[in-house]
Amino acid sequence: MTADNVLVAYGTKNGSTAGIADIIGETLRTEGLSADVVAARQVRDVSGYDAVIVGGALYMGRWHADARRFARRHAADLKNRPVWLFSSGPLDDSADTGEIPPVGHVTRTVASLGARGHVTFGGRLDENARGFIARAMLRNGRGGDFRNPERIAAWTRQIAAELRGRVATGG
Ligand SMILES: Cc1cc2nc3c(=O)[nH]c(=O)nc-3n(C[C@H](O)[C@H](O)[C@H](O)COP(=O)(O)O)c2cc1C
């Protein structure tokens, strides 16, 4: 089995998780793999992919619904291939200064899918964010872009190395 065709699926409300997924896709391509970056709700079938990376924005301690539904709907296929998960959320530098464990239901998803890993990346909240609570958070000075492209790329390079290792060993 080759492992060169990777799906990066994301659930987002305000677009910043899509930006993280784009960095992951670009990094995989730089590493010589092929990658499709697709909104999770638009994915009909994962069977054409050798590996899948699924990310969700965190809202009120839960993954965005599109990421939750994706993991549920495609569970049977995801269990059969290498899968990594990521969450995006913290609006401070806490994701860069320590490992933030997945929220409860994502922890269960890691286990049920046999995911190879999970990481939490910093998020973004800006003046275009939709929703009453988002606007209140902005008024309280909680806005900012805490995504870290270098950390996202470094995590992705580890995945690329693991996938290349599978190809080399045929495992
Ligand atoms: C109403 C609201 C609730 C949020 N809840 C959480 C949360 O529970 N945990 C967290 O780490 N970040 C939380 N955040 C921050 C978002 O996860 C962050 O803004 C993220 O980057 C949004 O992703 P998106 O732009 O892809 O929708 C929240 C943001 C808003 C506006």
**OP:** Please state whether the rings of Phe86 and Trp155 are parallel, tilted or perpendicular, taking 30° and 60° as the class boundaries.
**Re:** perpendicular
**OP:** Compute whether any side-chain donor of one residue and acceptor of the other, for Asn5 and Ser34, lie under 3.5 angstrom apart.
**Re:** yes
**OP:** Say whether Ser47 and Asp45, considering side chains only, have a donor N or O and an acceptor N or O under 3.5 Å apart.
**Re:** yes
Subject >> Test side-chain contact (heavy atoms from CB on, under 4.5 Å) applied to Thr109 and His118, step by step >> reply: CA-CA 10 Å; Thr109 302; His118 169 276; over 6 Å; no
**OP:** Test side-chain contact (heavy atoms from CB on, under 4.5 Å) on Val83 and Leu85 and set out the steps.
**Re:** CA-CA 7 Å; Val83 171; Leu85 310 181; 3.7 Å; yes
**OP:** Could you check Ser94 against Asp92 for side-chain hydrogen bond (donor to acceptor under 3.5 Å, both in side chains), going step by step and ending with a plain yes or no?
**Re:** CA-CA 6 Å; Ser94 58; Asp92 54 29; 2.5 Å; yes
Please determine whether residues [X] and [Y] belong to a single hydrophobic cluster, defined as Ile, Leu, Val, Met, Phe, Trp and Tyr linked transitively by side-chain heavy-atom distances below 4.5 Å.
X	Y	result
Ile100	Ile53	no
Val37	Ile159	yes
Leu58	Ile133	no
Leu91	Met60	yes
Val103	Leu125	no

Do [X] and [Y] come close enough that some side-chain heavy atom pair is under 4.5 Å?
X	Y	value
Arg151	Phe121	yes
Leu78	Phe70	yes
Ile20	Asp22	no

Nearest 0.5 Å, what's the [atom1]-[atom2] distance between [X] and [Y]?
X	Y	atom1	atom2	result
Arg116	Trp84	CZ	CH2	5.0 Å
Leu7	Asp36	CG	CG	6.5 Å
Ile152	Ile23	CD1	CD1	4.0 Å
Ser88	Tyr59	OG	OH	7.5 Å
His74	Tyr49	NE2	OH	10.5 Å
Asp66	Lys13	CG	NZ	12.0 Å

Shortest non-hydrogen contact between [X] and [Y], atoms and distance:
X	Y	answer
Ala35	Leu28	CB-CD1, 3.9 Å
Gly56	Ala67	CA-CB, 3.8 Å
Leu138	Gly143	CD2-CA, 3.8 Å
Val43	Ala9	CG2-CB, 4.4 Å
Ala95	Gly122	CB-N, 3.4 Å
Trp63	Ser87	NE1-OG, 3.1 Å

Any ion pair linking [Y] and [X] (charged N to carboxylate O, less than 4.0 Å)?
X	Y	answer
Asp50	Arg81	no
Arg157	Glu150	yes
Arg164	Glu31	yes
Asp145	Arg124	no

Original post:
Should the heavy atoms of other residues, nucleotides or ligands under 6.0 Å from CZ of Arg41 be counted, would the total exceed 12?
Top reply: no
Original post:
Just wondering, more than 12 heavy atoms not from Arg29 lying within 6.0 Å of its CZ?
Top reply: yes
Subject >> Donor-acceptor under 3.5 Å (Thr107 side chain, Pro102 main chain) >> reply: yes
Subject >> Test item: Asp126 side-chain N/O and Asn128 main-chain N/O as donor-acceptor pair under 3.5 Å >> reply: yes
Original post:
Would Leu163 and Leu33 satisfy side-chain contact (heavy atoms from CB on, under 4.5 Å), going step by step from the backbone distance to the final call?
Top reply: CA-CA 9 Å; Leu163 291 173; Leu33 300 166; 4.1 Å; yes
Original post:
Do Thr12 and His64 pass the side-chain contact (heavy atoms from CB on, under 4.5 Å) test, and can you show the C-alpha distance, the side-chain angles, and the key distance before you say yes or no?
Top reply: CA-CA 6 Å; Thr12 183; His64 188 275; 5.6 Å; no
